[in-house]
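Here's the structure, in structure tokens; my notes come after.
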Amino acid sequence: MSSKETAPARVSNFIRDIIEADLQSNACAAVVTRFPPEPNGYLHVGHAKSICLNFGLAEQFGGQCNLRFDDTNPSKEEQEYVDAIKADVEWLGFDWAGEVKYASDYFDQFYAWAQHLIREGKAYVCDLSAEEASEYRGWATTPGKNSPYRERAPEESLDLLERMKNGEFAEGARVLRAKIDMSSPNMNLRDPILYRIRKQSHHQTGDKWCIYPSYDFAHGQEDAIEGVTHSICTLEFADHRPLYEWFLDNLPVPSKPRQYEFGRLNLNFTVTSKRKLKQLVDDSVVSGWDDPRMPTISGMRRRGFSARAIRSFCNGLPVSKSDGVVDIAQLESAIRDDLDKHSTRAMCVLDPVKLVISNLDEAVVETMTAPAHPKLELGLRELPFTRELYIDRADFSEDTTLSRKKFKRLVLGEYVRLRSAYVIKADEVVKGDDGQIVEIHASLVPGTVGENPPEGIKPRGVIHWVSATEGKRATVRVYDRLFNHPAPDRGEADFMQHLNPESYRVLENCWVEPGLLDAAPETVFQFEREGYFVADRYDFSAETPVFNKTIGLVDNWAGR
RNA sequence: UGGGGUAUCGCCAAGCGGUAAGGCAACGGGUUUUGAUCCCGUCAUGCGGAGGUUCGAAUCCUCCUACCCCAGCCA
């Protein structure tokens, strides 16, 4: 980082403050965090914030961060998700400590701990059905009733648990519960479930188990086994903290982690719920989890958001306990900011109309040179300039009454600068039978490449262009927000009602400067005056160049 | 409703008894061969509400209000 670059303002983060204090007071020697996704879907922006927080904190304080799959529910989880999550975390630029970890790595230990609780008289096998158990649990204002199986002899519970494990009972027939307090105002403490029967294959443990631990009976213990010091989770788990601590206090765990909750990231115009994202995929509203319109990490990647930009966005978000909604413009700003600094400039005409330079011979190919970046030394690119060019339809008007301030483009009879090339004058238009402009005839002003035009010639502005004969045809996919409602999943209407019908558009007849065909997939360019576009990760090739629009340039022009 | 949590500019958010940081957005202006970038400036006599304590309150006390979460054999 150059000394000229101003240090980014320190963003508030109460968890970082706690860690600093703990390190200061020697409450812990080194910080250990973990990112604990359940492999039941793809990671999204919200997870990106959590990843940046957990890995970032470990990095900042010289500690470590584990990647641990919370795979305690085989009915919702799949190996595909495990693989995708690992790829996403790596792509974001983080290295987890040691091997990837799984809750399932500790299933034997959990089982032994469950037996321990039974022997201590702190857990029992309960035969109540789900409905009965719900009834026994009581309600907010009414305390629950003890299960009739609560005082079952430990030996019997031990035997039953063993038989549950061996698959002797049907799913739902029995559960193992902790014996805590059926009248607790915190529902999580009303004899929570530790194990339930699930006769399903598990992506990691196969058919070894017929019972699986609950989130509550797993999470704190996993943290303790791994020596996690600061277990960071989202607000909705705050109610579980007393239970998290109850297990740590009642089991011979090797360490005592502490849980801290922060407010998850919510973005307006966006849906971040694995269930809903999965629905978009399953209903084929989008092309997949990595559709460029998806707020998934793989979707944002496909869209052209750089990992660095996503990290910058996340690190710029204060960490607090309030549950707010961040304006999508904040994300977009981080993306533009990063892409402006790092992407090569290029020209692409999205809606072409032919421009014929009448005073340039057909056989001539002049080579213009243009910097790859206006400020950084990213080299030069060569642009073939020929008699026939393409410019964007929106950059020309026959209306000579348009003021210079309102229309800084080409007007019939007037001048405009062709970016990195000549100043030209529009002389006449050729129209088709339908009245549509087919060609614009123009003449170049000699000596204006890299030079100001002679006195009296005032170009209205600068427009981009591509040689019609030397340029290349390309496909550009234009994306817009998936939802046209700021809070698609709030209110009565189903979130699917708020889908933006114009969130995807394909432009098949775009023209790009020839140098772009050499691009490597996933390279982002700034198409000048238009925005940022990425060579598609899968579909781009020199033969069939396909670009995805990442995001448009800031547009302060009110009349557009 | 019982419990847990949160309320400070349009959005996010500092502030921890001494007289309202910052980012995004918005709005002016300057530079510019991208209507971009960059630069400069404007933007809360006000901190959910009502009382109270104090020389002094966003910060302390009391009461009230709103919103979020839990009441799965999901995580």
To the nearest Å, how far apart are [X] [atom1] and [N] [atom2]?
X: L380(A); N: U33(B); atom1: CG; atom2: C1'; result: 15 Å
X: D323(A); N: G4(B); atom1: CG; atom2: P; result: 18 Å
X: F237(A); N: C74(B); atom1: CZ; atom2: C1'; result: 9 Å
X: K458(A); N: U33(B); atom1: NZ; atom2: P; result: 12 Å

Is any N or O donor-acceptor pair between the side chain of [X] and the base of [N] shorter than 3.5 Å?
X: R10(A); N: G22(B); result: no
X: E261(A); N: G5(B); result: no
X: Q526(A); N: U34(B); result: yes

Side chain of [X] only, please: which of [options] is the nearest?
X: D327(A); options: A75(B), A71(B), G10(B); value: G10(B)
X: D340(A); options: A71(B), U37(B), G35(B); value: U37(B)
X: E528(A); options: C38(B), U34(B), A36(B); value: U34(B)
X: E236(A); options: C69(B), A13(B), G35(B); value: C69(B)
X: L553(A); options: U1(B), G35(B), A36(B); value: A36(B)
X: R417(A); options: U33(B), U34(B), A71(B); value: U33(B)
X: L235(A); options: G35(B), G5(B), U1(B); value: G5(B)
X: A329(A); options: C12(B), U33(B), A25(B); value: A25(B)
X: S214(A); options: A75(B), G35(B), A14(B); value: A75(B)

Just to be sure I understand the rule, does [X] reach a base, reach only the sugar-phosphate, or reach nothing, if contact means heavy atoms closer than 4.0 Å?
X: H240(A); value: base
X: R419(A); value: base
X: K375(A); value: base
X: S129(A); value: base

Is [N] paired to anything, Watson-Crick or G-U wobble with both distances less than 3.5 Å, and if yes, which nucleotide?
N: C67(B); result: G5(B)
N: U54(B); result: none
N: A14(B); result: none

Within residues 178-193 of chain A, residues whose heavy atoms come under 4.0 Å of RNA chain B:
P185(A), M187(A), I193(A)
Interface with RNA chain B, restricted to residues 310-322 of chain A and to heavy atoms under 4.0 Å
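Within this stretch, P318(A), S320(A), K321(A), S322(A) sit under 4.0 Å of the strand.
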Does NZ or CZ of K165(A) come closer than 6.0 Å to the centre of the six-membered ring of Y111(A), within 45° of the ring's axis?
yes
Taking the six-membered ring of F169(A), is the NZ or CZ of R174(A) close enough (under 6.0 Å from the centre) and on axis enough (within 45°)?
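R174(A) over F169(A) ring: yes.
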Does K375(A) reach the side chain of K341(A), with side-chain heavy atoms less than 4.5 Å apart?
no
Can you confirm whether or not the ring centre of Y124(A) sits under 6.0 Å from the ring centre of Y149(A)?
no
Between W113(A) and F247(A), ring centroids under 6.0 Å
no
C68(B), OP1 or OP2 - any side-chain N/O from R264(A) closer than 4.0 Å?
no
Hey, which of F527(A), W511(A), F533(A) is the one that makes ring-ring contact (aromatic ring centres under 6.0 Å, His included) with F547(A)?
F527(A)
Carefully, step by step, assess R137(A) and D191(A) under the rule salt bridge (Lys or Arg N to Asp or Glu O under 4.0 Å).
CA-CA 8 Å; R137(A) 192 153 34 232; D191(A) 288 12; over 6 Å; no
Determine if W139(A) stacks with A71(B); use a centre-to-centre distance below 5.5 Å and an interplanar angle below 30° as the criteria.
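Given the distance and angle limits, yes, they stack.
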Are Y215(A) and A75(B) stacked, counting the six-membered base ring, centres under 5.5 Å, planes under 30°?
no
Who passes side chain to side chain contact (heavy atoms under 4.5 Å, CB included) against D399(A), sequence neighbours left out?
S397(A), T401(A), L402(A)
